[in-house]
Amino acid sequence: MNEHAIDLRSDTVTLPSPAMRQAMFEARLGDDVYGEDPTINRLQAMAAERLGKEAALFVPSGTMANLVCLLSHCGRGDEAIMGHMAHTFLFEAGGSAAVGGIHPHTVPNQPDGTLDLDDIRAAIRDPNNEHYPRTRLICLENTHNRCGGAVLAPDYMAQVRALADDYGLAIHLDGARVFDAAVALGVPASVVAQDADSVSFCLSKGLAAPVGSVVCGTEAFIRSARRMRKLLGGGMRQAGVLAGAGIVALDTMVDRLAEDHANARRLAEGLADLHGILLDPVRVTTNIVIFALAPDGLSAEELVAGLEARGVKMGAIGGRKIRAVTHYGVQAEDIEQAIATTRAVIEAAS
Ligand code: TLP
């Protein structure tokens with residue numbers, strides 16, 4: 001067995017590279033609430049440029065990034081349309097409702113992460129009917145976490161944009177893994193984000209920075225997001241120590257995401273060959289592998305416990321499903337080890 005645990009629970013477990021630690025040590029700092037931290041200002045300018053937007057804002061987490069965006073787009077009682085598997089709906093503690101009084105209106109996520117255009121259209125309210133909340137926003141997620149890292153294609157995004165324009169709605173893109181989408185599509189991240197009014201992305205997932213996310217949009221939108229960040233307590237003073245790592249992440253960690261995608265595909269192929277694992281490897285196009293266990297075998301919790309006892313970590317995500325995520329801390333040989341260990345746990349139980 002490898003001496004180190006092979007941790008496939010999430011790409012959030014990545015540790016900063018030596019170059020990031022050095023950049024953190026050397027970062028020039030100032031008070032960012034005064035807008036005076038040169039390292040944060042540089043990261044924000046880089047992020048806006050990469051995402052093709054006018055301006056950007058550094059925030060502590062992906063959760064806060066999405067929340068400042070929703071609070072900037074919607075007032076109390078306004079409605080935001082989102083997928084029933086959206087991270088904003090499932091895993092952000094209901095923040096937009098709790099803090100912003102925003103009414104989430106879910107429509108089904110298709111297995112490829114999209115929302116059916118007819119479902120979106122049917123969810124949009126008649127603004128002249130006083131019984132209804134006012135529809136303001138459509139939220140999309142790219143790549144889509146709970147849909148197995150699925151990538152939304154630019155032409156799908158363009159169709160949602162046209163629909164949103166017909167009804168005067170804004171689009172927010174939860175792009176926590178937007179660079180994974182860009183690498184998988186072979187396009188710049190600005191193309192992935194071009195049809196969204198606002199986009200959030202995480203530095204602390206596949207890009208391996210220790211902390212931080214960035215919100216991008218128009219100058220006016222970012223002024224509002226900045227106010228919302230303050231309201232949430234997310235103004236962080238000399239946070240250039242964090243942004244320094246973020247700059248290195250943008251400079252050095254984007255192209256290597258292709259390695260994570262190859263590792264995820266290999267993991268999916270290896271797992272799909274095992275008895276009792278239900279998985280179509282062709283659907284794995286980025287760094288997330290979600291598979292199900294056949295009804296007559298081990299439960300997800302049992303398989304995860306068996307793996308952990310042998311030094312491989314994956315996440316049971318409800319029902320008979322398990323998630324494994326590849327990242328900077330996982331090498332090709334770890335993937336072979338993870339497949340062999342999964343085979344051993346399944347064989348030991350049968
Ligand atoms: N996702 C985490 C968990 O919360 C599930 C993970 O391990 O994948 N948007 C998307 C699409 C995300 O996947 C996540 C985190 C977030 C937003 C929130 O980011 P953080 O954790 O920085 O608040």
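All values below were derived from every heavy atom in this structure, side-chain atoms included, with hydrogens, water molecules and symmetry-related copies excluded. Each ligand, and each atom within it, is numbered from 1 in the order the structure gives.
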Under 4.0 Å to a heavy atom of S61 - the qualifying atoms of ligand 1, by number: 22 (O), 23 (O)
Backbone or side chain, does any N or O of R9 fall under 3.5 Å from an N or O of ligand 1? no
Which heavy atom of the protein is the closest neighbour of atom 5 (C) of ligand 1, given with residue, atom name and distance? H87 NE2, 3.7 Å
Could you give the distance from CG (L293) to CD1 (I322), rounded to the nearest 0.5 Å? 4.5 Å
Salt bridge check, D251 against R50: does any charged N sit closer than 4.0 Å to a carboxylate O? yes
Examine the proximity of ligand 1 to N66 and report which part, side chain or backbone, both or neither, has a heavy atom under 4.0 Å away. side chain
I need the atoms of ligand 1 closer than 4.0 Å to a non-hydrogen atom of S10, numbered in the order shown. 6 (C), 7 (O), 8 (O)
Determine, for R134 against E79, whether the closest basic-nitrogen to carboxylate-oxygen distance falls under 4.0 angstrom. no
Any chain of hydrophobic side-chain contacts (each under 4.5 Å) joining M157 to I81? yes
Does R177 reach ligand 1 with a nitrogen or oxygen that is under 3.5 Å from one of the ligand's nitrogen or oxygen atoms? yes
Does an N or O from N145, backbone or side chain, lie closer than 3.5 Å to an N or O of ligand 1? yes
Please determine whether a side-chain nitrogen of the Lys or Arg among R283 and D280 lies less than 4.0 Å from a carboxylate oxygen of the Asp or Glu. no
Would you call R177-E141 a salt bridge at under 4.0 Å N-O? no
Pairs of nitrogen or oxygen atoms closer than 3.5 Å, one from E141 and one from ligand 1: do any exist? no
Between R136 and D78, is there a salt bridge with N-O shorter than 4.0 Å? yes
Mind checking whether H144 has a heavy atom under 4.0 Å from ligand 1? no
Of the protein's non-hydrogen atoms, which lies at the shortest distance from atom 9 (N) of ligand 1, and what is that distance? D174 OD2, 2.7 Å
To check your reading of the model: name the closest protein heavy atom to atom 22 (O) of ligand 1, its residue, and the distance in Å. G62 N, 2.8 Å
heavy-atom search around atom 23 (O) of ligand 1 in the protein gives T63 OG1, 2.6 Å
Below 4.0 angstrom from a heavy atom of E92, which ligand 1 atoms are there? Numbered from 1 as shown, please. 17 (C)
Using distance alone, determine whether T12 and ligand 1 share an N or O pair under 3.5 Å. no
Would K205 count as a contact residue for ligand 1, given that I'm defining contact as a non-hydrogen atom of the residue lying under 4.0 Å from a ligand atom? yes
Side-chain heavy atoms under 4.5 angstrom apart, residues restricted to Ile, Leu, Val, Met, Phe, Trp, Tyr: same cluster for L267 and V325? no
For the atom pair CG (D260) and CG (N287), what is the distance rounded to the nearest 0.5 Å? 5.5 Å
Does ligand 1 have any atom sitting under 4.0 Å from a heavy atom of R323? yes
Pairwise distance CG(D180) to CG(N145) - rounded to 0.5 angstrom: 11.0 Å
